[in-house]
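Notes for the one structure printed next.
Naming: A, B, ... by sequence-line order, numbering from 1 per chain. Here the structure is a predicted model, which is why all the values come from computation and not from measurement. Every heavy atom of this structure was used, including side-chain atoms; hydrogens, water molecules and symmetry mates were not.
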Amino acid sequence: MQNESQLIKARKEKLQKLIEMGVNPYPAKAKRTNLIADILAESEKFIKEEKGVVLVGRIRSLRKMGKVSFFHLEDKSGKIQIYIRRDDVGENNYTIFKQCDLGDFVNVFGKVFYTQTGELSIHTEKFCFLTKSIRPLPVVKEIEEEGKKVFYDQFVDKELRYRKRYLDLLLNPEVKETFITRSKIIKMMREFLDNKDFIEVETPILQPQYGGAEAQPFITKHNKLDMDLYLRIADELYLKRLIIGGFEKVYEVCKDFRNEGMDRMHNPEFTMIELYQAYADYNDIMNLVEEMLTEIAKEISGGLQFEYDGAQIDMTKPWKRASIISLIKEYANIDIEKMTLEEMIDFCKQNEIELEIKTYGKIIDEIFKHFVEPNLIQPIFVTDYPKEISPLAKSKPDNPDIVERFEIFISGLEIGNAFTELNDPIDQRARLENQTEKRKLGDLSANEVDEDFLEAMEYGMPPTGGLGLGVDRIVMLFTNSHSIKDVIFFPQMRSV
RNA sequence: GGGCCAGUAACUCAGUCGGUAGAGUAUCGCCCUUUUAAGGCGAGAGUCGAAGGUUCGAAUCCUUUCUGGCUCACCA
């Protein structure tokens, strides 16, 4: 792009001029005595003591005049105005300063004072380059009007924001806040679980056989071993091996990979927290996750009420708990338990619900998605799913077709999935073999039988409750983000 | 995969009925010693996402295509 090189050329010329003047534009060392926030917080003290301060940061606005200039310096803690006068720093140094552009990193030595217009500033005594930038940042101007920040020419192109996240972070301050919140949430989850004597573990991302969820995997290859490996779609089967191995409470913060569609709720790689607790069932897990998420809400949102996507969410305990069948009764006005398969298929036809697979479990799932899911705004545990769509969960004692499983929905987002884990090796083998049958019939999301996992279970797995939480979606909820792309630094994009 | 919308200067955007492209900011030059979307004067900067077509002539009309957004469906 010729025009771009025109802008870059101008900066490279300045760089050259600095070198000719004997200035190192990329020195190895920087000095700093204070964070900018320190000065903003205790400005009066700094002014009174007339103590020199040394600041580092990046030039974020620049007003050059003939013999005096102003710019704003930004470090991680904040922004402050810098005042620099030719007669204070000398002709030569002022010429050096004039080679500055927006985006350069500089070292400023000076004293704190107020300008005539009343803005706290640094009166520069000495000035050094730390990094000369040769590519111009997009121009965004910012002013404060009645206490509110108003932006001009804001950097809004979503594609550029996702592809060049470093620019998005620099130019849209709320983006940084979102990711700081993300970090806090994950930290709190770890602390919460650590305090309950869970231990954090790591299990393979590269797996010879994938499982633990219904999804298509990414396939890769180990050259020396000459074998195909899969990027994990879930951690479940390995974490259960650890329970078999004697750990009683384990969790993993895990990147999982699913080779399927992308939309505002799905990114090919995403973050889950999976946890397993021996001698617990799905009721215990419900209590655990309810406590964890309400604690996070208190900390992050400052209370149990907050807004998401235009709706007021109230996380006050206890959350509603209702079986999928009772919810269908409530919202679709039908009693699944008293209907035959034929009647259910008819019902779907009447309501224009398309069925690809006409089995009991699948139909219940479809009716639920159509009638119930859109109504689930407030936090709710949807419980007791059909066995057919839950091959790793234990059946209810009173109904072999229903399993002890729940999903958490908040504001229509499915943010968690949990069950009382199936620990009967004979039943587990039958269910996994049934999956293989489905796969042979063309269901690419169904898994192959993991013989090693079954063998492990044959040695004995204690009764266990397990949970998978969609971390990205939880972050979306607490940061009022509409798309998963807004809570992942570098979301997957097509190559250009 | 379907529907709708968008893509024009580094950024944000105009561009009428088809007549070979504009503004603000940014950049460059000059002036400017407390400015703050600094200001004044002047200058340069574009493969109009890409390809093909219609036309004397296309940013504009048609077709195809790429990228992104929103949304519906599906998977999770």
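- Residue A:E142 contributes atom CD, which lies 18 Å from atom P of B:rU25 at whole-angstrom precision.
- An OP1 or OP2 oxygen of B:rC66 is reached within less than 4.0 angstrom by no side-chain nitrogen or oxygen of A:R494.
- Annotation: salt bridge (charged side-chain N to carboxylate O under 4.0 Å, His left out) contacts involving residues 164-174 of chain A, sequence neighbours excluded, comprise A:R161-A:D168, A:R165-A:D168.
- Between A:V471 and A:V475 the shortest side-chain heavy-atom distance falls below 4.5 Å.
- Relative to the side chain of A:K14, the nucleotides B:rU27, B:rU67, B:rC11 differ in distance, and B:rU27 lies closest.
- When the shell of 6.0 Å around NZ of A:K438 is examined, it contains more than 12 heavy atoms from other residues, nucleotides or ligands.
- With both pairing distances under 3.5 Å, B:rC61 is matched to B:rG53 as a Watson-Crick or G-U wobble pair.
- The side-chain contact (heavy atoms from CB on, under 4.5 Å) check on A:H370 picks up A:I353, with sequence neighbours excluded.
- In summary, the side chains of A:D384 and A:Y282 do present a donor paired with an acceptor at a separation below 3.5 Å, with no hydrogens or angles considered.
- Only the C1' atoms considered, B:rG19 is 37 Å distant from B:rA37, to the nearest whole Å.
- Of the residues in residues 91-110 of chain A, none has a non-hydrogen atom less than 4.0 angstrom from any atom of RNA chain B.
- With a cut-off of 3.5 Å on both pairing distances, the Watson-Crick or G-U wobble partner of B:rU67 is B:rA6.
- The two residues A:T271 and A:D472 come nearest to each other via the heavy atoms N-OD2, 2.7 Å.
- Between the CD atom of A:Q492 and the C1' atom of B:rG68 there is a distance of 15 Å, given to the nearest Å.
- Put simply, CG on A:L7 is 10 Å from P on B:rC11, counting in whole angstrom units.
- To the nearest whole angstrom, the two P atoms, one in B:rC74 and one in B:rU65, are 26 Å apart.
- A:D157 places its CG atom 11 Å from the P atom of B:rA9, with the value rounded to the nearest Å.
- Within the shown strands, B:rG29 is the pairing partner of B:rC41 under the Watson-Crick or G-U definition, both distances less than 3.5 Å.
- The salt bridge (Lys or Arg N to Asp or Glu O under 4.0 Å) check on A:K141 picks up nothing, with sequence neighbours excluded.
- At a cut-off of 3.5 Å, with distance as the only test, a side-chain donor of A:Y162 or A:D486 sits close to an acceptor on the other residue.
- Between the P atom of B:rA9 and the CD1 atom of A:I8 lies a distance of 16 Å, rounded to the nearest Å.
- Between A:R11 and the phosphate of B:rU27, there is no side-chain N or O to OP1/OP2 separation shorter than 4.0 Å.
- Taking all atoms of both residues into account, the shortest heavy-atom contact from A:L170 to A:R60 is O-NH2, 3.0 Å.
- Here, B:rA26 and B:rG69 have their P atoms 30 Å apart, quoted to the whole Å.
- Non-hydrogen atoms lying under 4.0 Å from RNA chain B are contributed by A:K64, A:M65, A:G66, A:K67, A:V68, A:F70, A:H72, all within residues 64-73 of chain A.
- Residue A:T115 places its side chain closer to B:rU34 than to any other of B:rU12, B:rU34, B:rA38.
- If you check B:rG1 for Watson-Crick or wobble pairing at under 3.5 angstrom, you find it paired to B:rC72.
- Comparing B:rU35 with B:rA43, their P atoms sit 29 Å apart, to the nearest whole Å.
- Annotation: B:rA76 and B:rG7 have their C1' atoms spaced 32 Å apart (nearest Å).
- For B:rA14 and B:rU8, the P atoms lie 11 Å apart once the distance is rounded to whole Å.
- Between B:rC11 and B:rG29, the distance separating the two C1' atoms is 23 Å to the nearest Å.
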Worksheet item: What string of B, S and - do you get for nucleotides 69-76 of chain B, 5' to 3', when a contact is any protein heavy atom under 4.0 Å?
Response: SSS--BBB

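- Between the CD1 atom of A:I82 and the C1' atom of B:rU35 there is a distance of 14 Å, rounded to whole Å.
- Counting any heavy atom pair closer than 4.0 Å across all strands shown, A:V156 reaches sugar-phosphate atoms only and no base atom.
- No N or O donor and acceptor, one from the side chain of A:Q154 and one from the base of B:rU12, sit under 3.5 Å apart.
- The nearest pair of heavy atoms linking A:I336 to A:I328 is CG1-CG2, 3.8 Å.
- Not a single donor-acceptor pair, N or O on each side, falls under 3.5 Å between the base of B:rU35 and the side chain of A:E119.
- Nucleotides B:rU16 and B:rG53 place their P atoms 25 Å apart, quoted to the nearest Å.
- Two residues, A:G118 and A:V140, neighbour RNA chain B, and the one matched to the more 5' nucleotide by heavy-atom proximity is A:V140.
- In this entry the distance linking CZ of A:R86 with P of B:rU34 reads 13 Å, nearest Å.
- Within the 6.0 Å centre-distance limit, the rings of A:Y83 and A:F113 are counted as a close aromatic pair.
- Rounded to an integer number of Å, the gap from CZ of A:R63 to P of B:rA26 is 11 Å.
- Other residues, nucleotides and ligands place more than 12 heavy atoms under 6.0 Å from the NZ atom of A:K64.
- For the pair A:R182 and A:F179, the cation-pi criterion (under 6.0 Å, within 45° of the ring axis) is not fulfilled.
- A:F381 and A:F406 have their aromatic ring centers within a separation under 6.0 angstrom.
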